[in-house]
There are 2 protein chains.
Amino acid sequence: MVRMADVARAAGVSVMTVSNVLNERLPVGEETRARVMAAVEDLGYEVNLTARHLRAGRTDTVAFVVPSFHDYFGELADQVAPLIEAQGRHLVLERTSANAQQEMEALSVARLQTYDGVLLSVAGLDLEQLGLVRTAKPIVVLGERDVPDHLNHVRLANESGAALATAHMLERGSRRILALGCSFDAAHMMTTDRRVGWEHAYREAGLTPDPAYVVPVSDYTSRGGREAMLDVIASGLPFDGVFAVTDIVALGALSALVDAGLRVPDDVQLAGFDNLDMSRFIPPGITSVDANHEGVAEAAVRLLHRQMSGWTGPAEHVVAPVRLVVRGSTRGDS
Amino acid sequence: MVRMADVARAAGVSVMTVSNVLNERLPVGEETRARVMAAVEDLGYEVNLTARHLRAGRTDTVAFVVPSFHDYFGELADQVAPLIEAQGRHLVLERTSANAQQEMEALSVARLQTYDGVLLSVAGLDLEQLGLVRTAKPIVVLGERDVPDHLNHVRLANESGAALATAHMLERGSRRILALGCSFDAAHMMTTDRRVGWEHAYREAGLTPDPAYVVPVSDYTSRGGREAMLDVIASGLPFDGVFAVTDIVALGALSALVDAGLRVPDDVQLAGFDNLDMSRFIPPGITSVDANHEGVAEAAVRLLHRQMSGWTGPAEHVVAPVRLVVRGSTRGDS
DNA sequence: GCCGTGCGTTGTATCGATATATTGAGCGCG
DNA sequence: CGCGCTCAATATATCGATACAACGCACGGC
């Protein structure tokens with residue numbers, strides 16, 4: 001590896017002069033600068049960022065830690081990246097590996113401190129694990145779980161979103177709406193909050209939600225949604241609407257409904273949550289609660305930036321508002 | 001920030017002893033070790049990885065540089081991650097920002113050398129830009145462009161994949177198959193290669209491909225695919241099949257076809273490329289060329305690992321084979 | 001002719017952890 | 001009682017870039 005000292009020797013100057021040429025920190029004579037640049041070109045020198053980071057105590061880099069690189073997180077990350085870059089920093093994505101347990105304790109926490117700040121997306125982590133994130137680093141937690149008070153947190157308005165979608169389908173004539181992928185599992189806040197929203201919409205409409213219509217999925221994939229949906233159909237439970245906990249699950253449900261010969265939205269209305277890019281285009285268009293990537297990204301970056309700027313006030317807990325995007329999978333005005 | 005020296009002082013030992021306790025390098029007396037561990041706990045010490053990396057000359061980290069965190073790349077990254085981790089290394093995703101031009105020259109190349117190796121996915125970069133990636137770092141290029149000979153490269157069998165999909169639709173009765181999103185643009189290898197595959201299938205079947213059926217898209221999104229498809233429909237050009245250059249584009253095409261009242265696959269057969277997760281579930285199931293993430297990931301990681309282990313033989317250019325996954329958007333045996 | 005000013009350049013300490021060589025204490029054995 | 005051996009613990013140099021203070025030199029003013 002070619003070091004700055006090598007360049008200095010080749011150009012017949014001191015290392016500091018090389019550094020000053022490259023960083024334009026102190027002024028350097030024109031003729032000297034030219035000699036240095038020539039040597040840099042010649043040797044193919046590139047600054048060692050690791051050394052610079054150590055010396056500077058900063059990396060100008062922010063990590064976004066996600067459970068997987070897929071779908072929702074990929075889309076959100078694409079929103080976050082430009083905002084971080086606008087601050088002159090750089091964004092990298094890290095994945096909490098499969099074995100979140102040991103990972104969190106052993107490696108990740110130590111690794112995170114190579115970054116100036118961390119956006120931590122919690123899906124697989126529970127409160128207890130979050131408790132041991134006691135790093136002094138600026139950190140903002142994203143996601144639908146409860147987090148310790150002292151951590152900055154951005155989440156979606158899950159309840160109101162689910163209620164919007166459900167109310168919309170009730171309004172358009174559905175009376176038996178499945179809450180697919182929702183749950184009563186207190187440990188899984190997202191699916192629970194969305195179930196509560198579903199219940200609220202029922203009550204708001206003067207109806208009583210039936211717990212039998214809360215149908216769990218084995219995993220939050222299209223496959224999981226499809227299988228749960230097929231089970232419901234096979235069981236004979238009558239239904240005329242599906243609120244799926246995510247668009248991914250909704251897609252699985254749609255696949256099952258079509259296979260079973262049920263028409264969407266004529267026989268069954270369908271709505272999801274997240275408003276993924278694809279949801280607009282999947283025929284007949286999936287009605288979905290927009291996950292407000294823009295708002296979430298903006299809030300998260302703002303909170304993070306504030307911490308990185310030295311602010312040490314109390315943590316903020318932002319609930320990003322959501323809105324319903326109506327498409328062909330639910331019925332028009334009747 | 002609490003340094004190793006702070007721990008050493010608190011425990012009444014030298015820094016090396018602390019280091020030895022934490023890294024289990026040289027043996028340390030039981031009683032001393034306990035004192036050190038207590039001090040570590042007490043002060044909440046965490047090793048400074050930047051310093052360690054500088055000293056060690058390694059970071060045990062590999063970067064996967066992608067044009068966006070979305071879709072195809074997100075899925076591929078999820079395949080790559082476990083393979084890298086199996087080598088005791090860590091994977092992070094970096095995004096080539098919008099202004100690839102300056103980015104490539106100024107920052108990225110320097111940044112890349114904080115990693116032990118780099119997987120570089122080229123979509124927005126052209127050959128010339130790749131030329132200036134003259135770093136000595138282990139690097140493997142992924143993607144459908146031509147790359148300089150000296151760089152290790154993994155690509156898909158684009159031509160044969162496109163031919164598979166086209167031949168399949170020809171076999172099942174289509175005679176006028178659009179090559180949607182394909183092109184004659186020599187600078188855009190992927191769309192060109194896939195067009196060539198489409199042509200081959202025609203010739204192989206004793207038919208002559210009509211260049212009028214090569215329809216470009218404004219961008220490689222579902223929106224772009226949808227708009228191009230709508231234009232074709234409006235133009236009155238007769239067609240009975242669509243080979244879309246990617247599944248994302250295919251989804252847009254499907255959306256347009258359904259809106260136009262065309263039945264898939266009865267009126268128009270449709271096939272895509274990439275076999276994204278969603279393609280299996282989007283009714284009626286999108287026939288697609290599987291992008292062989294597993295094979296691509298495996299080859300890329302293998303080539304990278306070889307370089308990181310010190311191998312300096314000639315670069316290898318791997319063409320990962322693909323296969324066709326038949327679903328409902330094309331017709332069954334007739 | 002001497003001193004002050006300003007600009008360009010350089011030497012040295014530092015960031016925090018670790019590899020290597022070395023010191024020191026304890027113990028067995030002749 | 002002393003020599004050598006082992007094992008634990010330490011001192012120091014190093015990774016590569018940069019902040020800071022100091023230095024040398026040319027030039028202008030009196």
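Nothing here was measured: the structure is a model prediction, and the numbers come from that model.
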Without decimals, in angstroms, what is the distance between [X] [atom1] and [N] [atom2]?
{"X": "B:Glu24", "N": "D:dA9", "atom1": "CD", "atom2": "C1'", "result": "17 Å"}
{"X": "A:Asp6", "N": "D:dA17", "atom1": "CG", "atom2": "C1'", "result": "13 Å"}
{"X": "B:Asn20", "N": "C:dA17", "atom1": "CG", "atom2": "P", "result": "14 Å"}
{"X": "A:Gln113", "N": "C:dC15", "atom1": "CD", "atom2": "C1'", "result": "13 Å"}
{"X": "A:Leu26", "N": "D:dA21", "atom1": "CG", "atom2": "C1'", "result": "11 Å"}
{"X": "B:Met16", "N": "C:dT20", "atom1": "CE", "atom2": "C1'", "result": "9 Å"}
{"X": "B:His53", "N": "C:dG16", "atom1": "NE2", "atom2": "C1'", "result": "13 Å"}
{"X": "B:Arg58", "N": "D:dG16", "atom1": "CZ", "atom2": "P", "result": "14 Å"}

What residues in residues 29-38 of chain A put a non-hydrogen atom under 4.0 Å from any atom of DNA chain C?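 Nucleic-acid contacts, sorted: A:Gly29, A:Thr32.
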Give a yes or no on whether a salt bridge exists between B:Lys137 and B:Asp116, defined as a side-chain N under 4.0 angstrom from a carboxylate O.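 Result for this pair is no, no salt bridge flagged.
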Got a salt bridge between B:Glu31 and B:Arg35, using NZ or NE/NH1/NH2 to carboxylate O under 4.0 Å?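 Looking at B:Arg35 together with B:Glu31, the answer is yes, because their closest N to O distance falls below 4.0 Å.
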Is a donor from one side chain sitting under 3.5 angstrom from an acceptor on the other, for [X] and [Y]?
{"X": "A:Asp146", "Y": "A:His153", "value": "no"}
{"X": "B:Arg58", "Y": "B:His53", "value": "no"}
{"X": "A:Asn23", "Y": "A:Arg52", "value": "yes"}
{"X": "A:Asp78", "Y": "A:His293", "value": "no"}

Give a yes/no answer on whether the side chain of [X] brings an N or O atom under 4.0 Å of OP1 or OP2 in [N].
{"X": "B:Arg55", "N": "D:dT14", "result": "no"}
{"X": "A:Tyr45", "N": "D:dG16", "result": "no"}
{"X": "A:Asn23", "N": "D:dT18", "result": "yes"}

Nearest 0.5 Å, please: how far is CG in A:Leu142 from CZ in A:Phe64?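 Atom-to-atom, A:Phe64:CZ and A:Leu142:CG are 5.0 Å apart.
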[X] has a side chain; which of [options] sits nearest to it?
{"X": "B:Asn48", "options": "D:dC15, C:dA17, D:dA11", "answer": "C:dA17"}
{"X": "A:Thr17", "options": "C:dT9, C:dA19, D:dA19", "answer": "C:dT9"}
{"X": "A:Met1", "options": "D:dT10, D:dG16, C:dT10", "answer": "D:dG16"}
{"X": "B:Arg52", "options": "C:dT9, C:dA17, D:dT10", "answer": "C:dA17"}
{"X": "A:Arg25", "options": "D:dT10, D:dA19, C:dG16", "answer": "D:dA19"}
{"X": "A:Ser19", "options": "C:dG11, C:dA17, D:dT18", "answer": "D:dT18"}
{"X": "A:Met4", "options": "D:dA11, D:dT18, C:dA21", "answer": "D:dT18"}

May I ask you to check whether A:His188 and A:Tyr220 place their ring centers less than 6.0 Å from one another?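 Yes - the distance between ring centres of A:His188 and A:Tyr220 falls below the 6.0 Å cut-off.
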For a quick check of understanding: with a heavy-atom distance under 4.0 Å over all strands, which category does B:Val18 fall into, base, sugar-phosphate or nothing?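 B:Val18: no heavy atom of the nucleic acid under 4.0 Å.
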B:Val13 or B:Leu54: which one's nearest nucleotide on DNA chain D is closer to the 5' end?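 Taking each residue's closest nucleotide, the earlier one in sequence belongs to B:Val13.
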